[in-house]
Amino acid sequence: MTETERHLAALLRVELTAVHQQFLHMLVLRALRDEGHLARVTAIDEVDFANAMDIAALLVERGVPVRLPAHLVRPGRDMPSVLRAEWEMEEAMAAVLGAARAEDDAARDCIARAAAPRADYRAWLEARLAEAGAPGPDVETAPELEGVLALLTALVEQAMLHAFLSRAEADGAGADNAWRLSGAAMLYATAIVRAGLTDGQGVVPGEVPGVGMAETPEAAFDADMALTRRCAAAARRAAEAQAEPEMGRLCGRIAEACDRIAGMERNGAFPEGFGRAPMFDDFEATCARFLS
């Protein structure tokens with residue numbers, strides 16, 4: 001891996017962590033019915049998601065063995081803590097961007113696009129933080145929910161990388177199914193967070209395990225199914241541990257859905273039902289929409 005590729009990989013890591021946190025904050029802000037802050041966080045999330053897609057596509061096209069190290073997503077739960085968490089994420093982003101170096105135009109463009117919205121967003125956060133009060137008390141997340149949320153987040157990332165791998169290998173069916181899997185994992189995590197916000201439970205993931213891109217589409221499918229089975233087991237443990245019946249039933253549904261996915265054949269039909277969404281059916285259409 002060249003120095004430029006190492007910097008791009010580090011930028012991909014922080015961009016994806018930012019996207020996960022921003023998305024969780026969008027769910028919190030919807031629950032708070034704060035449309036103004038929601039619109040601003042949504043806007044930066046769209047930019048950072050497109051940047052992450054660009055970087056992942058470039059690394060995969062260059063044959064880089066992408067590895068995303070373990071990381072923590074630490075979202076806020078009320079307006080002051082959301083703003084503080086976003087500010088801390090911007091500090092992490094600034095550190096990575098400050099160290100980033102590139103030896104070619106494509107890599108320089110990725111870094112420039114990531115840097116472009118930061119000053120305005122930091123200024124907005126600084127102004128909002130000056131008006132914000134103290135954050136409310138933390139709400140502890142049950143260990144079982146921490147675990148399933150962390151694994152689902154890892155599956156979002158790993159399957160996304162494998163969608164790009166299959167696309168680069170001209171395996172359209174494999175790319176579409178990997179993207180469907182990434183989307184399903186995101187939808188399952190979203191459902192848990194929404195349920196937790198409704199019933200007052202903590203919904204912060206534990207440490208998200210590191211993931212790496214497999215060498216071939218065949219190996220990628222096997223790795224994705226193995227991680228899906230881990231998600232199923234974690235969701236089952238969470239269902240059994242829940243005192244809140246609604247959350248317990250939801251985790252049970254997620255376990256069953258992951259079991260169905262883990263039983264599919266490579267490039268076979270992705271299971272219908274919970275977690276299947278039309279917006280994740282066509283990876284090439286997603287790339288056409290978001291890649292520069």
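This structure is a prediction, so every number in the text was calculated from the model and none was measured. The analysis underlying the following values was restricted to heavy atoms, covering all of them including side chains, and did not include hydrogens, waters or symmetry mates.
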Worksheet item: Looking just at side-chain N and O atoms, do His71 and Arg13 make a donor-acceptor pair shorter than 3.5 Å?
Response: yes
Worksheet item: Which class fits the ring pair Phe290 and Phe49: parallel under 30°, tilted 30 to 60°, perpendicular over 60°?
Response: perpendicular
Worksheet item: Are Arg101 and Glu3 close enough for a salt bridge, meaning some N to O gap below 4.0 Å?
Response: no
Worksheet item: Looking at Ser166 and Pro217, what are the two nearest heavy atoms and their distance?
Response: OG-CB, 3.8 Å
Discussion item. Please check: side-chain N/O of Arg237 versus main-chain N/O of Ala232, any donor-acceptor pairing under 3.5 Å?
Written reply: no
Item to complete: Evaluate the side-chain proximity of Met26 to Leu38: yes if any heavy-atom separation is below 4.5 Å, no if none is.
Response: yes
Worksheet item: Of all heavy-atom pairs between Trp179 and Thr286, which one has the smallest distance, and what is that distance?
Response: NE1-OG1, 3.2 Å
Practice prompt. Could you check if a side-chain atom of Cys110 sits within less than 4.5 angstrom of a side-chain atom of Asn51, using non-hydrogen atoms only?
Written response: no
Item to complete: Can you establish whether the number of heavy atoms outside Met1 located under 6.0 Å from its atom CE is more than 12?
Response: yes
Worksheet item: Is it true that atom CZ of Arg194 has more than 12 heavy atoms of other residues, nucleotides or ligands lying nearer than 6.0 Å?
Response: no
Discussion item. Is it true that, when you exclude Asp104 itself, more than 12 heavy atoms of the residues, nucleotides or ligands shown sit nearer than 6.0 Å to its CG?
Written reply: yes
Worksheet item: Is Arg260 salt-bridged to Glu272, cutoff N-O under 4.0 Å?
Response: no
Item to complete: Salt-bridge test for Glu244 and Arg249: reply yes if a basic N is under 4.0 Å from a carboxylate O, no otherwise.
Response: no
Worksheet item: More than 12 non-hydrogen atoms from neighbouring residues, nucleotides or ligands closer than 6.0 Å to CD on Glu265, yes or no?
Response: no
Practice prompt. Give the C-alpha distance, both sets of side-chain angles, the deciding distance and a yes or no for salt bridge (Lys or Arg N to Asp or Glu O under 4.0 Å) between Arg122 and Glu86.
Written response: CA-CA 9 Å; Arg122 286 172 68 91; Glu86 285 294 301; over 6 Å; no
Worksheet item: When you check the gap from the basic side-chain N to the acidic O, do Arg253 and Glu256 get nearer than 4.0 Å?
Response: no
Discussion item. Does any part of the side chain of Ile192, heavy atoms only, come nearer than 4.5 Å to the side chain of Tyr188, both counted from C-beta?
Written reply: no
Practice prompt. Using a 4.5 Å cut-off on heavy atoms from C-beta on, say whether the side chain of Leu181 contacts that of Met264.
Written response: no
Discussion item. If the threshold is 4.0 Å, N to carboxylate O, is there a salt bridge linking Arg276 and Asp281?
Written reply: yes
Discussion item. Would you say that more than 12 heavy atoms from the other residues, nucleotides or ligands in this model lie under 6.0 Å from the CD of Glu131, or not?
Written reply: yes
Discussion item. Main chain of Ala114, side chain of Arg118: is a donor-acceptor contact present, judged purely on distance under 3.5 Å?
Written reply: yes
Worksheet item: Gln158 versus Leu68: any side-chain heavy-atom pair under 4.5 Å?
Response: no
Discussion item. Using a 6.0 Å cut-off, check whether atom CD of Glu215 has over 12 heavy atoms from anything other than its own residue.
Written reply: no
Practice prompt. State, with a plain yes or no, whether a side-chain heavy atom of Leu83 is found less than 4.5 Å away from one of Trp124.
Written response: yes
Worksheet entry | Salt-bridge present (Arg84, Asp78; N to O < 4.0 Å) | no
Worksheet item: With side chains defined as the heavy atoms from C-beta onward, is the minimum distance between Ser182 and Met186 less than 4.5 Å?
Response: no
Worksheet item: Among Arg113, Gln22, Gln21, His20, which one satisfies side-chain hydrogen bond (donor to acceptor under 3.5 Å, both in side chains) with Asp48?
Response: Gln22
Worksheet item: Is the count of non-hydrogen atoms from other residues, nucleotides or ligands lying under 6.0 Å from Glu207 atom CD greater than 12?
Response: yes
Discussion item. Quick one, Leu16 and Leu12 - any side-chain contact, counting heavy atoms below 4.5 Å?
Written reply: yes
